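See structure below.
What you see is a predicted model, and the numbers here were worked out from it, not measured in a lab.
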Amino acid sequence: MSEASDDRDEPPARDGYEHPSYEHQPYPPQGPPPGAGLAIGSLVCSIAGFVLCAPMAIAGIVMGHIAFHRARHGRGTGGALGLAGFVIGYAALIVWGITIPLIVHALIRSGVFG
């Protein structure tokens with residue numbers, strides 16, 4: 001038994017499988033592809049812009065355009081989420097653009113401002 005172990009310098013591989021050497025790869029290993037984080041952030045900001053305030057919708061529009069552009073050029077995922085984010089953001093801006101003047105007009109007619 002000692003004779004068999006003396007003529008081998010390396011320990012035996014598990015299950016007879018030799019692991020490949022990674023030192024001669026033609027390309028370095030790449031990380032995971034970019035995710036849809038920007039597109040998800042766009043959608044969240046746009047929905048929050050509907051409920052909370054218009055600046056959130058503006059942030060959703062900007063992030064949605066960036067995410068959509070990256071997805072169209074193959075540098076990211078989440079193109080549909082980005083599209084939904086900036087469409088909802090534009091809709092939120094339209095709603096806020098109509099609602100705020102109506103509220104201000106109603107407050108002026110009620111005499112709140114003097």
Side-chain angles (χ1 to χ4, degrees):
M1 185 166 211
S2 63
E3 293 175 10
S5 63
D6 288 339
D7 55 355
R8 269 197 271 179
D9 292 335
E10 299 178 7
R14 293 184 190 159
D15 300 330
Y17 177 74
E18 293 290 329
H19 295 283
S21 172
Y22 291 105
E23 51 186 84
H24 299 295
Q25 286 185 348
Y27 300 106
Q30 296 183 3
L38 197 61
I40 293 170
S42 164
L43 192 60
V44 168
C45 283
S46 294
I47 292 171
F50 243 121
V51 178
L52 300 175
C53 61
M56 293 289 287
I58 294 171
I61 291 169
V62 171
M63 287 192 293
H65 276 287
I66 293 170
F68 186 70
H69 182 317
R70 286 183 181 176
R72 283 193 64 170
H73 289 37
R75 289 182 280 150
T77 59
L81 285 176
L83 177 67
F86 73 75
V87 167
I88 292 172
Y90 281 127
L93 277 184
I94 291 170
V95 167
W96 279 104
I98 294 171
T99 304
I100 290 175
L102 289 175
I103 292 172
V104 170
H105 180 66
L107 289 174
I108 289 172
R109 286 187 49 172
S110 69
V112 171
F113 292 119

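- Open room surrounds CZ on R109; 12 or fewer heavy atoms of other groups in view lie less than 6.0 Å from it.
- Expressed to the nearest 0.5 Å, how far OG1 of T99 lies from CD1 of I94 amounts to 11.5 Å.
- Note that CD1 of I103 and CD1 of I108 are 12.0 Å apart. Values are rounded to the nearest 0.5 Å.
- With rounding to the nearest 0.5 Å, the separation of CE in M63 from OG in S46 is 7.0 Å.
- Nearest heavy-atom pair, S42 versus F86, reported as atom, atom and distance to 0.1 Å: OG-N, 3.9 Å.
- By the rule that hydrophobic residues join a cluster once side-chain heavy atoms approach within less than 4.5 Å of another member, F50 and L43 end up as members of one cluster.
- I98 and I100 are members of different hydrophobic clusters when ILVMFWY side chains are connected at heavy-atom separations under 4.5 Å.
- Shown here for F113 and V104, the closest heavy-atom pair between the two residues is CE1-O, 4.3 Å.
- By the criterion of side-chain heavy atoms lying less than 4.5 angstrom apart, applied directly or through intervening Ile, Leu, Val, Met, Phe, Trp or Tyr residues, V44 is grouped together with I88 in one hydrophobic cluster.
- Rounded to the nearest 0.5 Å, atoms SG (C45) and CD1 (I40) are 12.0 Å apart.
- The minimum heavy-atom distance between A71 and G78, with the atom names listed, is CB-C, 4.4 Å.
- The CD1 atom of I58 sits 5.5 Å away from the CG atom of L93 when rounded to the nearest 0.5 Å.
- Under the 30°/60° scheme for interplanar angles, the aromatic rings of H65 and Y90 are found to stand perpendicular.
- Distance alone, capped at 3.5 Å, places no donor-acceptor pair between the W96 side chain and the P55 backbone.
- For H69 and H73, the distance between ring centers is under 6.0 angstrom.
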